[in-house]
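This report concerns only the one structure given below.
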Amino acid sequence: MLRTAKHSRNRQPALWGALMFPLLCTPLRALEGAMNSAPVRYVPDLRVWVLGTGRTTYVMGLNERGELQTLYWGGKLTSDHDLSAARSHAEHVSFDSSETMTNLEYPGWGGRYYNEPALKVTLASGVRDLVLKYASQEIRGDTLEIRLKDIQYDLFVKLIYKVFPGEDIICKQAVIENHTPQIVTVEGAQSGVWYVPEGEGYRLTYLTGRWANETQLIREAIHPGKKVLESRRGNTSHNLNPWFAIDAGGEADEEQGRVWFGALGWSGNWKLVVEETPAAHQVRVTGGYNDFDFSWPLQPGESLGTPPYYGGFTSRGFGEASRLLHRFERDQILPDRAHPEVRPVLYNSWEATTFDVDEAGQKVLAEKAAKLGVELFVMDDGWFGKRNDDHAGLGDWYVNPQKFPHGLQPLIRYVNSLGMDFGLWFEPEMVNPDSDLYRQHPDWAMNFPGRPRSEARNQLVLNLAREDVKEYIFGVLDKILSENKIKYIKWDMNRHFGEPGWPEAPLAEQKEIWVKYVRNVYEIIDRLRARHPSLDIEACSGGGGRVDLGILERVNIVWTSDNTEAFDRLGIQEGFSLAYTPKVMSAWVTDVPNLNGRSTPLSYRFLVAMQGALGIGANLNKWSPEDFALAARMISTYKSIRETVQQGDLYRLCSPREGALTANQYISAHGKQAVLFAFLHSQQYVRPLPALCLRGLDANALYRVKRLDEKVVEQQPVLSGSFLMQHGLNLDLRGDYDSTLVILERIE
Ligand code: DGJ
């Protein structure tokens with residue numbers, strides 16, 4: 001695309017057995033003038049489409065074979081002189097097919113295509129060959145639709161591109177349309193492929209982990225071959241997250257360097273294939289439905305849509321990549337995107353009571369929580385059916401009459417009278433074999449007839465792909481929400497799929513369970529929200545097992561991890577923040593010693609949790625008056641900075657992966673407030689901490705420096721942005737697990 005690109009460089013004939021194709025358009029024709037600023041436009045002379053965001057450009061074109069080819073993705077191109085027509089890669093040898101060496105925008109598996117394909121099908125005739133060429137286009141404002149068609153059959157793919165100019169993000173989606181008179185079986189359907197510019201030495205950043213250790217950041221070199229990031233578990237999973245970032249040869253850091261990044265909006269089996277092709281060294285990331293155990297028969301006239309696959313670029317490093325994504329999530333994805341709201345401070349009963357909930361006990365906790373300034377009181381697991389531990393009750397969504405003899409109303413009224421909203425825990429997708437629901441409908445659990453049903457946490461997964469099961473679960477939730485003043489539900493999922501059988505469906509459609517299940521979860525949530533517009537939802541899957549841009553379109557917040565130990569949390573939260581806004585990062589203050597036996601001061605635990613959406617999960621019955629006083633002060637401080645934390649820009653100053661000091665800074669939307677959180681996990685005796693340079697401030701402005709404690713050494717209450725960014729702040733952190741919060745208010 002750029003004139004130095006190999007597409008325009010190599011135009012020698014193929015040597016070994018390849019066909020030569022006539023050129024169908026004017027080569028390298030330069031256009032006059034500066035680049036038009038429309039988000040989507042077509043340049044007919046060159047047959048290229050230019051997608052433009054504020055600071056990036058994405059270009060595709062039709063090559064001489066009529067294939068749609070990716071031409072450029074990166075920083076803003078400012079002149080049409082830089083555009084040129086698409087040219088397929090020349091073929092030098094019969095082993096390196098041109099179509100494999102060419103950056104095909106949406107490659108079908110067919111002909112001699114050997115890279116990871118975007119689409120694989122089997123036609124009724126037995127043909128398994130799919131060669132997609134351009135058919136038509138339509139531009140509607142910030143949206144482009146390009147239809148491709150197989151060279152023989154009426155099998156179409158509609159590629160949908162939506163441009164988000166303000167956030168420098170582009171979304172790709174594909175819809176596979178069967179207009180043939182026969183069934184087409186889709187065996188792999190991706191949303192698209194992102195290509196970074198040609199070159200070697202790229203580096204991949206991704207998020208991995210496990211239960212209680214989610215979103216751990218990994219950085220590694222990309223070499224020829226494939227790296228598969230995926231879930232085969234039925235939901236997003238704790239183990240890998242559908243997000244990636246690529247930078248050129250370690251060029252980028254938090255502050256600078258080119259970073260290409262992407263994320264999938266899907267909460268089921270997903271797959272990202274990061275590939276460097278051995279011959280042409282194309283570096284590409286294919287993303288969409290996981291094709292493992294995937295099969296989707298399309299009847300004539302039917303279509304299959306794929307999840308949204310978002311991509312973005314910045315030349316300002318990983319920090320800016322995250323800020324773009326955070327802004328995008330807040331402005332374009334989250335349910336409150338039209339009218340952003342700050343998240344309330346919540347209390348959750350789980351770690352205090354586990355299953356041992358009842359009306360009197362919850363009222364005691366509620367009263368204490370209200371005194372702290374908590375705004376939302378959430379009763380967790382244990383309130384329904386015969387739920388005294390995790391062996392029974394899931395599926396029986398009626399109020400336990402022993403624990404709540406008068407139903408939920410007295411507790412809800414009490415919570416409301418204390419000035420708090422009420423929230424309730426559910427795990428709608430699950431059933432315990434020891435439940436009335438399972439005794440009545442054993443066939444509602446996923447199963448392969450006659451085979452064992454593997455339990456995890458003593459529970460089975462309901463087959464929500466079934467319409468009757470979906471309707472039942474929707475009805476049960478809708479009834480409870482209609483009969484009670486419930487502001488918030490925590491939607492949990494505490495195991496992954498096992499034996500994903502759907503014996504009632506026609507054999508050819510049984511593998512649709514993976515996708516239909518997730519679509520129906522989405523549908524239930526969407527319908528509940530429509531029926532109860534003020535409802536807020538937290539997505540949880542044993543911690544951060546369901547965190548992705550698909551669920552975030554329909555829930556307000558996610559539970560980050562069951563690991564609430566504050567020091568561990570710094571690492572989990574850092575990884576989380578690479579891809580997801582702190583606004584959705586639910587973070588609780590809990591008791592010590594925590595899961596791993598570690599004890600940190602209460603102030604440290606608060607400051608760690610105050611970097612996201614603050615919650616309290618401690619047993620308030622065990623707190624001292626001093627703990628209450630400190631907590632009330634912390635919560636009040638949090639309320640004065642939460643808009644900055646939740647809706648502002650995050651700068652990761654020091655990573656917990658790199659040293660004893662962790663520091664994060666947030667700047668409010670209009671730059672009036674900045675807050676700095678700093679944590680020292682262990683101090684080497686007499687070793688001074690370097691001054692911490694802030695970022696993103698107005699160099700010419702003055703800031704009033706307020707501290708939560710007496711730890712800032714500077715005597716001046718007012719400092720300039722220039723000083724704060726160039727000299728930095730000296731933080732007097734000492735010992736182990738020390739922490740501080742500094743609040744800077746810009747003087748107008
Ligand atoms: C797992 C969640 O992550 C916890 O917060 C809690 O809700 C339990 N499930 C309840 O069973």
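When a residue number appears, it is its place in the shown sequence, counting from 1. Whatever order the structure lists ligands and atoms in, that order sets their numbers, starting from 1.
Here Trp350 and Phe355 bring their ring centres to under 6.0 angstrom of each other.
Taking a cutoff of 4.0 Å between a charged side-chain nitrogen and a carboxylate oxygen, Arg546 and Glu429 qualify as a salt bridge.
Formation of a donor-acceptor pair under 3.5 Å by the Arg343 side chain with backbone atoms of Ile557 is not found in this model.
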Test side-chain hydrogen bond (donor to acceptor under 3.5 Å, both in side chains) applied to His532 and Asp478, step by step: CA-CA 8 Å; His532 308 277; Asp478 183 43; 2.7 Å; yes
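Phe426 and Trp397 have tilted rings, their planes meeting at an angle from 30° to 60° on a 0 to 90° scale.
In this model, a donor atom of one side chain and an acceptor atom of the other lie less than 3.5 Å apart for Asp562 and Trp559.
Ligand 1 lies under 4.0 Å from heavy atoms of Trp350, Asp380, Asp381, Trp425, Arg457, Lys490, Asp492, Asn494, Cys540, Gly542, Gly543, Trp559, Asp562.
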